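Let me begin by presenting the structure, written as structure tokens, before commenting on it.
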Amino acid sequence: MMRALEHEGVDVLFGYPGGSIMPTYDALYDHKKSLNHILVRHEQGAVHAAQGYARVSGKVGCAIVTSGPGATNTVTGIADAMIDSTPMVVICGQVGVAMLGTDAFQEVDVVGVTSPISKWSYQIRRAEDIPWAVARAFYIARSGRPGPVVLDFAKNAQTSMLDYEPATVDFIRSYEPEPDVQMTDIERAATMINNSVKPFVLVGQGVELGDAREELRALLEKGNIPCATTFLGLSAIPSDHPLNKGILGMHGNLGPNVMTNQCDLLIAVGMRFDDRVTGNLATYAKQAKIIHFDIDPAEFNKNVKVDLAVLGNCKETLAKVTKLIDKSTHSSWIEGFKPYEEKEYNKVIEKALYPTEGPLLMGEVIRKVSEATQNAGIMVTDVGQNQLMACRYFKFTQPRSVVTSGGLGTMGFGLPAAIGATFGAPDRTVCLFVGDGGLQMSIQELGTIMEQGTPVKIVLLNNNYLGNVRQWQEMFFSHRYSFTPMDNPNYELIAQGYGIPAQTITERADLDAAISEMLSTPGPYLLQCVIKEEDNVLPITPPGANIDEMILEYQG
């Protein structure tokens with residue numbers, strides 16, 4: 001197994017040992033120079049760390065755990081990786097084949113549990129199957145639309161002997177990860193774009209996964225077509241690119257959401273029309289023709305009926321379409337975004353980013369951290385208001401700079417994912433934005449940071465609430481704050497116990513110096529910012545509303 005992993009180019013493993021994986025860990029003892037194993041403090045931390053590693057490096061993340069509870073503790077991370085298309089291989093120990101089905105100690109049907117939430121789940125029962133299974137697992141995880149693969153590794157297969165020969169898998173019958181591009185679809189797409197007066201591009205994570213950032217930019221600039229991104233697609237185009245009009249969806253920007261329902265051609269690239277992006281499907285972009293570029297045919301017409309589905313890796317399909325489109329201006333169409341940008345800035349953004357009095361706000365903290373990294377850092381978030389504000393106000397100049405739990409919305413994701421990101425991009429600054437609720441869901445991973453000296457810059461936005469749920473309770477449940485206020489521990493003392501430098505600020509005047517100290521301190525750092533308790537993320541499209549029916553101001 002160790003040699004097979006080395007053959008696949010694995011250099012970092014995140015894991016936690018136990019009885020049914022012990023022979024593999026014993027072998028790992030002799031491969032410590034080539035396979036850097038990071039001991040996490042919980043198996044869920046291992047898979048989230050592998051996700052963070054994969055998202056910033058473009059490689060396949062790898063986690064290794066024991067059977068039973070060790071395996072079931074990975075389920076949330078596997079499901080998260082599946083819905084967010086993150087390439088990952090999870091190796092779980094399993095009892096020996098002779099004991100399968102006997103309810104043996106720490107036996108769980110791992111394949112049965114994980115098959116619905118993975119690209120492939122397979123039980124290795126014989127030692128001679130290891131090279132083939134590992135090669136196939138990594139091929140499936142990284143190819144086509146990426147995703148997680150699970151290998152259930154029976155204990156007898158770990159201890160049996162074989163004459164090892166490395167295996168390579170680059171073809172699987174009935175599996176077509178890179179479908180052939182149909183030129184008729186390319187030509188139809190180009191014609192639709194050329195005939196469009198008000199085209200609009202929706203940029204998803206598929207652009208990052210397909211390494212198609214330059215191809216996207218070429219299409220946008222030749223056609224002078226405005227675009228907006230999903231949360232996971234944020235760093236696929238620089239934040240300050242003049243054709244980048246912001247973020248789509250429930251907590252996106254006003255202009256892109258309004259213009260979605262005014263454009264005559266909607267061009268979706270590597271995105272899945274998530275409900276948080278579309279709002280009410282009955283009214284979503286009904287006036288527009290829709291082209292959908294994607295590598296996964298299962299996404300076509302799943303949520304939104306499209307006029308043209310272009311199947312293939314967008315790196316290839318975008319380049320082919322760009323050759324055929326006319327150089328255009330669309331000046332008046334692009335000018336139409338400005339009134340909405342000005343309205344949102346005056347009513348929301350200026351107040352969120354440049355307050356002059358009152359408690360600290362989430363937006364101003366995030367803006368200042370982003371600016372202090374020259375907008376070149378990696379943004380990792382947990383889930384909740386910290387995530388929504390960070391995605392709105394952290395800015396990006398480099399690719400693969402967004403690590404957040406999109407489709408599953410996993411609280412506790414942020415801290416271990418940030419650890420993984422530091423190993424996937426060791427030369428970059430990793431900034432974690434996390435709330436007091438999410439931090440406590442994986443706070444034990446401070447032990448991993450302590451042991452590894454992992455240089456995660458933790459920005460704790462503490463409002464003593466489960467903030468996002470509280471906001472919904474305020475806006476849609478008549479201020480009935482049912483179990484969202486939180487009594488919090490002393491986070492500085494906790495950080496001190498783990499040997500992590502920390503400070504807490506409550507005043508705006510102290511913010512710049514605190515951020516400077518955090519970023520200049522070698523290794524990890526925890527900066528706790530005590531923020532306004534009832535700070536809301538605006539604008540917001542209420543659940544079930546039309547995507548352009550955004551609330552910009554809320555007085556409570």
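The figures that follow rest on heavy atoms only: side chains count, while hydrogens, waters and symmetry mates do not. Just so you know, these numbers come straight off a predicted model, no measurement behind them. Numbers here simply count residues along the sequence, with the first being 1.
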Aromatic centroids of W132 and Y122 separated by under 6.0 Å: yes

Closest contact, heavy atoms only, [X] versus [Y]:
X    : Y    : result
K323 : K222 : O-NZ, 3.6 Å
N375 : T397 : O-OG1, 2.9 Å
L254 : E344 : N-OE1, 2.8 Å
G52  : V403 : CA-CG1, 4.0 Å
G409 : V383 : C-CG2, 3.5 Å
L538 : I551 : CD2-O, 3.8 Å

Passing candidate, salt bridge (charged side-chain N to carboxylate O under 4.0 Å, His left out) with K338, options E341, E335, E342: E335

Tell me which one of E214, E221, E215 satisfies salt bridge (charged side-chain N to carboxylate O under 4.0 Å, His left out) with R217. E221

Side chain of [X], backbone of [Y]: donor and acceptor closer than 3.5 Å?
X    : Y    : answer
D185 : V310 : no
R145 : S85  : no
R400 : R55  : yes
N253 : I247 : yes
D382 : G435 : no
R428 : A376 : yes
N386 : T381 : no
N468 : G384 : no
K245 : P256 : no
D11  : N36  : no

Consider only side-chain N and O atoms of [X] and [Y], and report whether a donor and an acceptor are under 3.5 Å apart.
X    : Y    : result
T329 : N224 : no
E474 : N536 : yes
T76  : T410 : no
E549 : N546 : yes

Please work out whether the ring planes of Y354 and Y345 are parallel, tilted or perpendicular, with thresholds of 30° and 60°. tilted

One pair to check against side chain to side chain donor-acceptor pair (under 3.5 Å): Q387 and T404. What are the steps and the verdict? CA-CA 7 Å; Q387 173 189 38; T404 193; 2.8 Å; yes

Between K302 and E299, is a salt bridge (charged side-chain N to carboxylate O under 4.0 Å, His left out) present by the stated rule, with each step listed? CA-CA 5 Å; K302 184 178 77 175; E299 292 300 334; 3.0 Å; yes

Side-chain contact test, heavy atoms from C-beta onward, threshold under 4.5 Å: evaluate it for [X] versus [Y] and give yes or no.
X    : Y    : answer
P199 : W333 : yes
I547 : Y284 : yes
F200 : F337 : yes
V12  : C62  : no
M550 : Y340 : no

When rounded to the nearest 0.5 Å, the distance separating CE of M379 from OG of S401 is 9.0 Å

Look up atom OG in S239 and atom CG in L234, then write down how far apart they are to the nearest 0.5 Å. 7.0 Å

Would you mind checking if E364 and R367 are paired as a salt bridge, meaning a charged N to carboxylate O distance below 4.0 Å? no

